[in-house]
Novice: 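Attaching a single structure in structure tokens format; questions to follow.
Every number for a ligand or one of its atoms is a count from 1 in the order of the listing. Computed over heavy atoms, backbone and side chain alike; hydrogens, waters and symmetry mates excluded.
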Amino acid sequence: MEVPALPTIENARIPTDLDPDPQVLEIDLVAAETTLEFIAGKPAKALAFNGQSPGPTLYARVGDRVKVHFKNDLDEPTTIHWHGLRIEDSMDGAPRVQDPVPPGGTFEYEFTLPDAGTFWYHPHANTVEQIERGLQGTIVVAGPEEPQFSQERLFVLDDIRLRGNGTIAPFADAGMDIMHGRLGDTLLQDGRAEPLAGTIASGAIERWRIVNTSGARNMKLSLKGASWKVIGTDGGLLPDAWKKSRVEMTVGQRFDFEVRVDQGSTEPVQLISHVPTVQGDQVVDVPMVIGEYAIEGTVTPSEPEYPSVALPPTDVEAEVQEITLGAYATETEVVFTVNGMDGMHMEDLEFPQGKPVRLILKNEIGPYHPFHLHGQFFQILKRGNSIVKEPGLKDTVLLNGMETVEILTYFDNPGLWMYHCHIAEHAEHGMMAHLRVTPSP
Ligand code: C2O
Ligand code: CU
């Protein structure tokens with residue numbers, strides 16, 4: 001069968017596909033220590049997939065089969081979790097379902113891509129260090145009717161804590177790093193500290209796929225010199241674009257934007273990250289340019305044709321389940337909790353497949369939590385008592401300090417699934433539990 005080529009995506013790192021069948025993406029993926037330059041000219045010992053961080057981009061179509069021959073060349077066990085993909089739990093990289101791959105070991109990940117969208121992959125073992133040190137990559141899945149753009153670009157936004165010589169700062173597992181997660185002191189774009197740079201055509205209508213892969217940082221983003229609107233979220237395209245000039249993305253979320261440069265515009269297009277910074281006794285958001293695109297050339301804009309998308313209805317009958325996130329301190333440690341206890345000691349929640357459930361997510365403490373659910377999508381209904389407009393299917397939602405967020409989950413994918421705070425320090429200190437979706441007969 002003739003399959004038309006997928007559009008090229010700037011900054012995607014396309015690996016060699018070992019299978020000539022256009023409906024199979026077969027790759028080798030090796031996790032190993034390597035040397036990377038987060039800051040140009042300053043080599044740092046790091047971890048990477050196939051020597052790259054971000055690792056190779058898995059770029060394929062809905063319905064394609066993905067085969068990943070994974071080899072663990074680290075000196076510690078690991079797994080790979082395909083963040084956002086609604087695949088079988090046996091391939092999800094959750095350590096309770098899949099024994100972590102020992103050093104020198106291999107694992108065959110194999111699954112069919114269920115949904116179009118922008119996704120992420122990363123280890124699910126010793127995640128604080130393994131992700132921060134560089135083990136992560138992106139997944140882009142095209143649907144049967146994707147809109148066409150002048151250009152597509154991929155942005156992996158991250159932060160990292162470096163020493164003056166550009167090497168990764170030691171891990172503390174204490175104090176503020178446990179309370180708030182390890183915030184970096186250096187923003188990374190596509191794995192590098194330098195802002196991205198390039199050109200963009202006047203009149204262009206582009207698609208920008210943005211992933212926040214940081215350990216704990218919410219990214220607040222805006223655009224200068226062009227306009228943008230959100231056209232997709234974690235779970236793919238929206239029915240209608242969401243006009244929002246400044247967008248906050250929590251850890252693990254993805255947003256797809258339509259970016260429009262006016263015809264005849266000469267002003268460079270800047271992607272700006274508003275970074276909370278202590279100034280005196282205040283925290284202010286300081287704008288930092290993380291990507292700058294000079295205008296070069298002109299294209300005659302052609303309107304992208306969006307497929308019609310319907311989100312599952314939200315006004316359905318649904319059971320209610322409360323999940324509280326909290327913490328307590330013992331003499332020796334802080335324990336983050338799910339429903340009052342270390343989530344690893346909690347009994348698995350159980351839900352029947354295909355029955356929507358309203359999850360009331362209550363954050364009972366000050367620090368925020370990016371709440372992530374494996375294997376399912378949900379929609380956000382409420383923050384506090386207010387109905388929110390945060391449209392789209394999600395697998396990750398931000399719970400601000402002391403905030404209650406109500407989401408509607410669909411639980412259409414059976415299996416044993418993790419849910420946890422995506423600040424790995426919180427997760428590894430107890431804010432991580434499992435639920436089971438029992439298959440409908
Ligand atoms: Cu990004 Cu448990 O996941
Ligand atoms: Cu948390």
Novice: Which residues and atoms, protein N, O or S only, are under 2.8 Å from the Cu ion (ligand 2)?
Specialist: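 Result, waters dropped: H369 ND1, C421 SG, H426 ND1.
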Novice: Any non-hydrogen side-chain atom of I323 less than 4.5 Å from a side-chain atom of Y419?
Specialist: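 I323 reaches Y419 side chain to side chain.
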Novice: Identify the heavy atoms of M219 and S273 that sit nearest to each other, and give their distance.
Specialist: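 Result for this residue pair: SD-OG, 4.2 Å.
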Novice: Parallel, tilted or perpendicular: which fits the ring planes of H122 and H422, with parallel below 30° and perpendicular above 60°?
Specialist: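 Rings of H122 and H422: perpendicular, as their planes differ by over 60°.
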Novice: Please list, chain by chain and in numerical order, all residues satisfying side-chain hydrogen bond (donor to acceptor under 3.5 Å, both in side chains) with H180, sequence neighbours excluded.
Specialist: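 Once residues adjacent in sequence are excluded, H180 has no partner under the side-chain hydrogen bond (donor to acceptor under 3.5 Å, both in side chains) criterion.
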Novice: Under 6.0 Å between ring centres: does that hold for H420 and H374?
Specialist: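 Here the rings of H374 and H420 have centres that are less than 6.0 Å from each other.
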Novice: Using a 3.5 Å cut-off and no angle test, enumerate the donor-acceptor pairs between side-chain atoms of residues 351-366 and protein atoms at least two apart in sequence or in another chain.
Specialist:
from	atom 1	to	atom 2	distance (Å)
Q353	OE1	S440	N	2.9
Q353	OE1	S440	OG	3.3
Q353	NE2	D412	O	3.1
R358	NH1	E406	OE2	2.8
N363	OD1	I365	N	3.1
N363	OD1	H369	NE2	3.3
N363	ND2	I365	O	3.4
N363	ND2	P367	O	2.9
N363	ND2	N400	O	2.9

Novice: Please check if the distance between the ring centroids of Y109 and F107 is under 6.0 Å.
Specialist: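 Yes, the ring centres sit under 6.0 Å apart.
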Novice: Looking only at side chains, do Q136 and T213 share a donor and an acceptor under 3.5 Å apart?
Specialist: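 Yes, T213 and Q136 have a side-chain donor paired with an acceptor closer than 3.5 Å.
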Novice: For atom 1 (Cu) of ligand 1, count the protein N, O or S atoms found under 2.8 Å away.
Specialist: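 Number of qualifying protein atoms: 3.
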Novice: What orientation do F155 and Y293 show, parallel under 30°, tilted 30 to 60°, or perpendicular over 60°?
Specialist: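 Plane angle over 60°, so perpendicular.
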